[in-house]
Number of protein chains: 2
Amino acid sequence: MAADLSILSDSPLFKSISAEEILKVLERVPYKIRKFKSGSLIAQTGDRLLSFHLILSGSVKGEMVDYAGRIIKIEDVHAPHAIAAAFLFGDRNIFPVNVVTTSDTRILVIDKDDFLRLLGNDKRILSNFLDMMSNRSQFLSDKIKFLNFKTIKGKLAQFILQRTTPERPSFRLEMTQSDLADYFGVARPSVARAVGELEDEGCIEASGKQILVTDRKRLLQMTDD
Amino acid sequence: MAADLSILSDSPLFKSISAEEILKVLERVPYKIRKFKSGSLIAQTGDRLLSFHLILSGSVKGEMVDYAGRIIKIEDVHAPHAIAAAFLFGDRNIFPVNVVTTSDTRILVIDKDDFLRLLGNDKRILSNFLDMMSNRSQFLSDKIKFLNFKTIKGKLAQFILQRTTPERPSFRLEMTQSDLADYFGVARPSVARAVGELEDEGCIEASGKQILVTDRKRLLQMTDD
DNA sequence: GGTAAATTGTAACAAATGTTACAAAATCAG
DNA sequence: CTGATTTTGTAACATTTGTTACAATTTACC
């Protein structure tokens with residue numbers, strides 16, 4: 001049976017590899033496709049992670065359960081991206097979160113050893129996978145840099161500076177203030193307050209989700225404190 | 001010339017590979033060895049990163065310069081570990097920090113393409129490198145979890161819990177409160193205050209740098225808030 | 001276009017942390 | 001041992017952020 005694997009062309013793992021080639025590669029590697037209804041628990045925190053998982057269709061979320069039993073959403077992953085790829089290798093091969101499907105979902109599963117063989121056999125896939133891992137690390141590093149800024153205004157200023165240049169001083173915020181608050185690890189009204197203060201001080205002008213930097217120098221000064 | 005490469009047996013990249021085999025592998029891969037005096041600037045933030053770097057002897061530190069021109073030490077790397085391996089791949093191949101030697105240092109350098117070939121040719125080295133990248137991500141994830149604890153008491157509780165078990169409830173703090181404050185990214189007197197409060201509440205007993213956990217359950221409860 | 005839902009702005013107040021300062025205690029160097 | 005230096009405990013007060021609540025605004029959907 002020829003399951004629908006066409007989406008793999010859009011996956012970072014198979015970047016710049018044609019659909020036919022992908023199929024040819026997969027013929028030489030044992031894999032399974034697992035199907036889940038929306039809302040299924042795919043894996044729990046602490047489960048052994050022994051296979052590479054890639055979402056073919058649908059989406060999942062990662063959740064943590066804290067000591068008080070509260071559930072905290074960590075992140076969403078959509079097709080055609082991989083799940084917990086950073087935990088397949090290394091010294092701690094366990095799911096760091098509960099994984100729950102948020103829609104009907106099909107997942108491509110390749111055992112770790114087979115996956116390693118796949119990487120060894122195809123330079124492009126290897127290179128793509130290394131890129132994925134690196135990007136993940138870089139993302140996490142950036143996040144840490146943010147969390148280390150002391151004030152919310154500092155975090156916000158840094159965030160805005162990264163998305164603009166003196167030549168293109170305007171950008172569109174593609175997330176809600178609530179998302180931004182989660183990203184910064186602060187409360188949502190505090191973000192709104194910080195935005196308001198940056199406006200009052202004449203550093204930016206915000207209309208809806210469009211943000212215009214009007215005093216880049218002052219913004220820069222806020223990133224240390 | 002036979003440079004001293006024996007230390008490579010201890011490197012995570014060549015884990016469980018014999019010294020002779022390592023030499024054999026390196027014969028098939030172009031590499032260079034660069035030597036630096038203590039205190040040399042090896043790379044600056046933003047420099048293109050196009051080669052794999054591994055410290056053969058000596059040590060380096062990564063430094064950031066903030067807007068005010070202050071220098072902040074980010075981390076130390078010693079032989080036989082790799083430098084900025086997570087930034088060799090991915091979409092941003094630049095040094096994230098200034099790299100400065102902290103002692104006389106020799107560094108093994110392999111161009112990215114050659115390094116990729118090396119990974120493709122040897123399953124064990126590939127697996128080791130993936131482990132290194134994964135461990136890095138896992139380390140960063142943990143650090144983020146740490147920084148996300150809202151209260152200083154929460155961070156401190158987590159810190160203490162990580163260093164004790166129900167069986168060995170006591171440990172010696174090998175750093176000053178000032179170091180701890182830097183690690184948490186908070187002010188020094190705030191750490192002192194948090195320690196005092198944990199004592200008052202009967203969770204721990206601190207005498208000098210020796211810390212004894214007396215109510216592990218309560219400590220656990222503090223790690224959420 | 002109109003209604004429901006999500007997002008944003010704002011305020012009052014509580015809680016946590018920072019800042020500064022100083023004295024007590026511990027550690028170090030000779 | 002002793003004086004100097006570092007580290008720690010503590011306090012008063014300022015600042016920042018969180019919490020809660022609600023209204024205004026925007027967005028999504030029918």
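Letters go in sequence order (proteins before strands), and every chain restarts at 1.
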Checklist outcome for this item: The reported gap from CD in A:Gln162 to NZ in A:Lys145 (rounded to nearest 0.5 angstrom) is 6.0 Å
Checklist entry - Expressed in angstrom and rounded to an integer, what is the separation of A:Leu147 atom CG from D:dT17 atom P? => result 13 Å
Next on the checklist: Any side-chain N or O of B:Lys209 below 4.0 angstrom from OP1/OP2 of D:dT8?
Outcome noted: yes
Next on the checklist: Just the rounded figure in Å: distance from P of D:dT17 to NZ of A:Lys153.
Outcome noted: 9 Å
Item to check | Any A:Ser178 side-chain nitrogen or oxygen under 4.0 Å from OP1 or OP2 of C:dT7 | outcome: no
Next on the checklist: Can you measure A:Gln210 atom CD to C:dT8 atom P for me and round it to whole angstrom units?
Outcome noted: 14 Å
Checklist entry - Please give, in whole Å, the distance from C:dA16 P to B:Lys150 NZ? => result 13 Å
Checklist entry - Considering heavy-atom distances to DNA chain D, does B:Ala206 or A:Val186 have its closest nucleotide positioned more toward the 5' end? => result B:Ala206
Next on the checklist: From CD of B:Glu197 over to P of D:dA11, roughly how many Å is that when rounded to an integer?
Outcome noted: 12 Å
Checklist entry - Between atom CZ in B:Arg172 and atom C1' in C:dA26, what is the gap in whole Å? => result 12 Å
Checklist entry - Is there a donor-acceptor pair under 3.5 Å between the side chain of B:Arg216 and the backbone N or O of B:Thr164? => result yes
Checklist entry - Within less than 4.0 Å of OP1 or OP2 of D:dG9, is there a side-chain N or O belonging to B:Gln177? => result yes
Checklist outcome for this item: To the nearest angstrom, the CG-C1' distance between A:Leu156 and D:dT17 comes to 15 Å
Item to check | Sugar-phosphate, base or nothing in reach of A:Val195, heavy atoms under 4.0 Å | outcome: nothing
Item to check | Under 3.5 Å side-chain donor-acceptor pair for B:Arg188 and B:Thr176 | outcome: no
Next on the checklist: Measure CD1/A:Ile152 against P/C:dT17 and give the value in whole Å, please.
Outcome noted: 13 Å
Next on the checklist: Just checking B:Asp91: does its CG atom have more than 12 heavy atoms from other residues, nucleotides or ligands closer to it than 6.0 angstrom?
Outcome noted: no
Next on the checklist: Is a donor from one side chain sitting under 3.5 angstrom from an acceptor on the other, for A:Ser51 and A:Asp111?
Outcome noted: yes
Next on the checklist: Given C:dG18, D:dT7, D:dT19, identify the nucleotide with an atom nearest to the side chain of B:Ser190.
Outcome noted: C:dG18
Checklist entry - Looking at D:dG18, does its base get a donor-acceptor pair with the side chain of A:Arg188 below 3.5 Å? => result no
Checklist entry - According to a strict under-4.0 Å criterion, is B:Thr151 in side-chain N/O contact with OP1 or OP2 of C:dA16? => result no
